[in-house]
Amino acid sequence: MSEERNPAIQAAKDPAHSDDLLMPKVIYVLYILGPFFWLTGVVGVVMAYVYKDGAPDWMQSHYRFQIDTFWKGLAFLLPGVLLTFVLIGYLVLLFWVVWLLVRAVKGLKALSERRPLERPARWGF
């Protein structure tokens with residue numbers, strides 16, 4: 001897509017058409033804090049559900065990514081906690097922390113560049 005037709009680039013150039021990036025940034029930071037303070041992830045996903053409907057199309061990919069990150073993260077977190085009794089769970093939990101941090105940082109980077117995330121529903125990084 002050329003720069004002239006890319007709405008994210010046009011919004012970045014036009015300060016009067018600036019989208020509010022605060023809420024998606026706050027949610028990414030809450031996710032980064034999630035491994036240390038578990039409640040921040042729950043607050044983050046609730047915020048993502050609340051703010052996604054009124055967001056511009058390019059920003060909705062971030063909210064979808066954040067919501068998917070929460071639910072897919074639970075798919076790693078719950079078995080990891082249950083498997084700590086047989087010690088393999090600690091490796092699963094370590095993977096979850098790294099996975100979560102990489103996804104949050106990747107999302108923050110794309111957000112700061114004002115571009116949508118490609119394939120926000122994927123499981124990988």
Side-chain angles (χ1 to χ4, degrees):
M1 181 179 273
S2 71
E3 283 190 29
E4 294 82 29
R5 295 184 308 192
N6 188 333
I9 292 175
Q10 289 301 319
K13 290 180 180 177
D14 182 12
H17 187 266
S18 176
D19 297 316
D20 185 17
L21 301 179
L22 179 63
M23 284 305 123
K25 282 183 183 179
V26 167
I27 295 167
Y28 282 124
V29 170
L30 289 171
Y31 282 2
I32 290 170
L33 295 173
F36 310 105
F37 307 101
W38 68 270
L39 192 59
T40 62
V42 175
V43 171
V45 76
V46 168
M47 289 174 64
Y49 275 116
V50 168
Y51 285 99
K52 79 175 171 121
D53 290 332
D57 289 341
W58 74 271
M59 199 182 294
Q60 284 188 10
S61 71
H62 286 275
Y63 288 120
R64 282 193 305 273
F65 183 73
Q66 292 166 339
I67 291 167
D68 285 351
T69 298
F70 177 82
W71 292 112
K72 291 172 182 174
L74 276 181
F76 294 121
L77 181 64
L78 294 177
V81 168
L82 292 174
L83 290 172
T84 56
F85 299 108
V86 290
L87 302 179
I88 190 78
Y90 292 107
L91 292 175
V92 175
L93 291 176
L94 178 63
F95 174 79
W96 169 73
V97 169
V98 171
W99 178 83
L100 181 69
L101 294 177
V102 168
R103 283 179 65 100
V105 169
K106 179 181 175 183
L108 274 171
K109 182 178 183 290
L111 186 66
S112 69
E113 295 170 355
R114 293 182 166 272
R115 62 180 173 83
L117 288 163
E118 299 172 11
R119 300 179 311 161
R122 70 175 176 264
W123 278 78
F125 301 113

Problem set entry | Test log, rule side chain to side chain contact (heavy atoms under 4.5 Å, CB included), inputs V42 and F70 | CA-CA 8 Å; V42 175; F70 177 82; 4.3 Å; yes
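Of all non-hydrogen atoms in M59 and A55, the two that sit nearest each other are CB-CB, 4.1 Å. Minimum heavy-atom separation, R103 to Y28: O-CE2, 4.5 Å. Here the closest heavy-atom approach between residue A110 and residue L117 is recorded as CB-CD2, 3.7 Å. In this structure, I67 and A48 approach most closely via the heavy-atom pair CG1-CB, 3.7 Å.
Between L111 and W58, the closest side-chain pair of non-hydrogen atoms falls below 4.5 Å. Annotation: side chain of F37 is not in contact with side chain of L30 (no heavy-atom distance under 4.5 Å). Proximity of P35 to W96: side-chain heavy atoms (C-beta onward) are separated by under 4.5 Å at one or more points. Residues M47 and V43 have side chains in contact (heavy-atom distance under 4.5 Å, counting atoms from C-beta outward). By the 4.5 Å heavy-atom criterion applied to side chains, Y31 and V45 are counted as neighbours.
Each of L82 and L94 belongs to its own hydrophobic cluster when Ile, Leu, Val, Met, Phe, Trp and Tyr are linked at side-chain heavy-atom distances under 4.5 angstrom. Put simply, L83 and L91 are part of the same group of oily side chains (I, L, V, M, F, W, Y) that touch within less than 4.5 Å, one to the next. Linking Ile, Leu, Val, Met, Phe, Trp and Tyr residues whenever their side-chain heavy atoms come within less than 4.5 Å places F76 and V97 in a single cluster. Note on V105: it does not cluster hydrophobically with V29, by side-chain heavy-atom contacts below 4.5 Å among ILVMFWY residues. Put simply, V86 and F95 are part of two different groups of oily side chains (I, L, V, M, F, W, Y) that touch within less than 4.5 Å, one to the next.
Judged by distance alone, with hydrogens and angles left aside, the side-chain atoms of T84 form no donor-acceptor pair with the main-chain N or O of G89 at under 3.5 Å. Not a single donor-acceptor pair under 3.5 Å links the side chain of H62 to the backbone N or O of K52. Formation of a donor-acceptor pair under 3.5 Å by the Q66 side chain with backbone atoms of G44 is not found in this model.
For Y51, the OH atom is loosely surrounded, since the number of other residues' heavy atoms within 6.0 Å does not exceed 12.
Just one of L108, T40, I27 meets the side chain to side chain contact (heavy atoms under 4.5 Å, CB included) condition when paired with I32; it is L108.
Atom CG of L33 and atom CG of L39 lie 11.5 Å apart (nearest 0.5 Å). To the nearest 0.5 Å, the span separating CG on L74 from OG1 on T69 amounts to 11.0 Å.
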